[in-house]
**Student:** 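Quick one: structure below, then a few questions.
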Amino acid sequence: MGKRTKLSQVRENVKSNIVESLELPVDIMYGAVIVTAMGRNQVLVENYKGIIEYTQEKIRLQTKTCQVTIQGKRLVVEYYTNEEMKITGCIQGILYGS
Amino acid sequence: MLIDKLKFLQGYVKIKLSGYAPERFLNLCSNHNILIWNLEYMDDNYVFCVSVRGLKRLKPILRKTRTTFVILERVGLPFLMRRYRKRKLFFAGIFLCGGLLYAMSLFVWKIEINGNLHETDSNIMKFLEEKQVYHGLLKSKINCEEIEEELRAGYGDIIWASAKLEGTMLIIDVQENLATNQQAEEQQAQDGAPSDLVADKEAVIYSILTRQGTPYVEKGAKVKPGDILVEGKNPVLNDNGEIGSYQYCVSDADILGVTQYTYEDQFPMWYEDKQYTGKESQAYGIRLFKLQAKTPHLFRKFQDYDTITDEYDVKIGDSFYLPLAITKETSKEYQAEKKQYTKEEAKQVAEEKLRQFCEELTQKGVQIIENNVMIVTDGKNCAASGTLKVIEPIGTRKETAITDIPQEGQIEDESDGDSN
């Protein structure tokens, strides 16, 4: 077990080194989440995995590396597909958690 | 916008989801590629829209997540069709309407003529009607090229014509030859047929400038209609100083003559003045093909009134004219008042008329040098009469009489001539 984590850590290091030195896009290499906020009322989230929690005040999304919480009032999911989700409403905050 | 229309065509439902693990349900939906939109959280329930096709695939997911849904709203064409499936006449009406529109679009309902300055629209319409091109003709029977050719052949001064169909409108563009007379003159000059300039009215020659031909009159000479002003032949003298032959040419000269115009005008001192009371009555009607129907004027109790009729063509889009027009008839009441001009007013009116007459003359290139018009008013009438002395170009073209027999051995248009 210990060997495996070590090996994967090494692998991670190598990968991050390559990504950083070649300046490869992070969203493709790591599957990092892209949050595009347009004005106060629209947020477009790409590269998410699923919905954990959804109320009018809070939408919690699982991404590959972390959780993203969008806080606001009267939040509505305009549409969502496998890759992206568009949220409208009065946005008050975007929080990242592990 | 377009996506909304597509969604409407396909049909979608608004449903309320409740149960054990609705979040998981939502995730599974996205994993199964079932599109969900307008997702809202309302009192522990999720309300969202899903297409009809997506709805059918929800069943296994519902079982897996132990959730249930209630349909709140059905939107879209499939549901409308279902609701109205028993109304056969309604559908028949839709198809009939479509069919009628299609049938109407097979005919020409409006003919537009552009570019005609000399020929009136109605004249050309009449001409086209004779050539079997009229309102309500099948579009397939129209041969644009033939129309163009007929127009060019039928009217001498139309030098270019173009016909095109646009929607149910036949657009005819023509180009008229504006310089017909000038060109004809040039043509004549080119033909080289010798010609004279002849006086067309009584005049005193004011000035004469001859470019070609033999002038017969001098400044100050009095001429009568028919007198030759410039003759289109030049005498050629032989060695003895006698006229041996004539050289014919197209005479060309600028001749100004002093002529007289008589001016006579009379109008009564009494006239009728319309005082509009501002009261109006309107009646509407429709015209289908040549049939007309209109509503009567319900509240019209006018004694004297003017009637103005407006007609609005019904069209779809910009150029799809239907054989239907809405007419609007407006009656305006007026009170007729008999009025008499004062002497001053009458003089003003008469002067205004005279001024207009003079202006028309000036536009024709006539210069007015003397104005002897008297305006006389009595109790009944106002009369203006007198003469106007003007300077204007005179002279019309006439073929030169070739009286001589060509001599032998002469190549040109030369011949023996009598002494003049």
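Proteins come first, then strands; the chains are lettered A, B, ... in the order of their sequence lines, and each starts at number 1.
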**Student:** What is the distance from atom CG of B/Asn27 to atom CD1 of A/Ile51, rounded to the nearest 0.5 Å?
**Tutor:**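 Result: 5.0 Å between the selected atoms.
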**Student:** Quick check for you: among B/Asn31, B/Asn33, B/Val47, B/Leu35, which has the greatest number of heavy-atom pairs under 4.5 Å with chain A?
**Tutor:**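 Max contact count across the listed options: B/Asn31.
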**Student:** Determine whether more than 12 heavy atoms belonging to other residues, nucleotides or ligands lie under 6.0 Å from atom CZ of B/Arg57.
**Tutor:**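 Correct, the count exceeds 12.
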**Student:** Side chain to side chain contact (heavy atoms under 4.5 Å, CB included) with B/Tyr41: which of A/Leu75, A/Thr55, A/Ile59, A/Val76?
**Tutor:**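 Considering A/Leu75, A/Thr55, A/Ile59, A/Val76, a side chain to side chain contact (heavy atoms under 4.5 Å, CB included) with B/Tyr41 is found only for A/Thr55.
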**Student:** With a 4.5 Å cut-off on side-chain heavy atoms, are A/Ile52 and B/Glu23 touching?
**Tutor:**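 No, every pair of side-chain atoms sits at 4.5 Å or beyond.
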**Student:** Can you establish whether the number of heavy atoms outside B/Met81 located under 6.0 Å from its atom CE is more than 12?
**Tutor:**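 Open.
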**Student:** Highest number of heavy-atom pairs under 4.5 Å with chain A: which of B/Arg24, B/His32, B/Glu40, B/Met42?
**Tutor:**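 Of the options given, most contacts go to B/Glu40.
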**Student:** Does the side chain to side chain contact (heavy atoms under 4.5 Å, CB included) test come out yes or no for B/Leu26 and A/Tyr80, once each step is laid out?
**Tutor:** CA-CA 9 Å; B/Leu26 298 176; A/Tyr80 74 100; 3.1 Å; yes
**Student:** Can you name the closest pair of heavy atoms from B/Ser30 and A/Asn82 and give their distance?
**Tutor:**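 So the two residues come closest at O-OD1, 2.9 Å.
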**Student:** Just checking B/Lys64: does its NZ atom have more than 12 heavy atoms from other residues, nucleotides or ligands closer to it than 6.0 angstrom?
**Tutor:**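 No - once you tally the heavy atoms of other residues, nucleotides and ligands closer than 6.0 Å, there are 12 at most.
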**Student:** Using only atom types and a distance under 3.5 Å, with no angle test, would you say the side chain of A/Tyr79 pairs donor to acceptor with the backbone of B/Leu39?
**Tutor:**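 Between the backbone of B/Leu39 and the side chain of A/Tyr79 there is no qualifying donor-acceptor contact (under 3.5 Å).
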**Student:** State whether the number of non-hydrogen atoms from other residues, nucleotides or ligands found under 6.0 Å of A/Arg11 atom CZ is greater than 12.
**Tutor:**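 No, the 6.0 Å shell around CZ holds no more than 12 heavy atoms from other groups.
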**Student:** Sort B/Tyr46 into side chain, backbone, both or neither according to what part of it lies under 4.5 angstrom from a heavy atom of chain A.
**Tutor:**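 Looking at B/Tyr46, just its side chain touches chain A.
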**Student:** Should we say atom CG of B/Leu9 is surrounded by more than 12 heavy atoms from elsewhere, each under 6.0 Å from it?
**Tutor:**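 Counting neighbours around CG of B/Leu9, more than 12 heavy atoms of other residues, nucleotides or ligands fall under 6.0 Å, so yes.
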**Student:** Quick check on B/Asp43: does its CG atom have over 12 non-hydrogen neighbours (other residues, nucleotides or ligands) under 6.0 Å away?
**Tutor:**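 No - once you tally the heavy atoms of other residues, nucleotides and ligands closer than 6.0 Å, there are 12 at most.
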**Student:** In terms of heavy-atom contacts, does CZ of B/Arg74 have more than 12 from other residues, nucleotides or ligands at under 6.0 Å?
**Tutor:**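 No, not enclosed.
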**Student:** Quick one: does A/Tyr54's side chain get under 4.5 Å of B/Pro22's, heavy atoms only?
**Tutor:**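 In short, these two side chains do not touch, never coming nearer than 4.5 Å.
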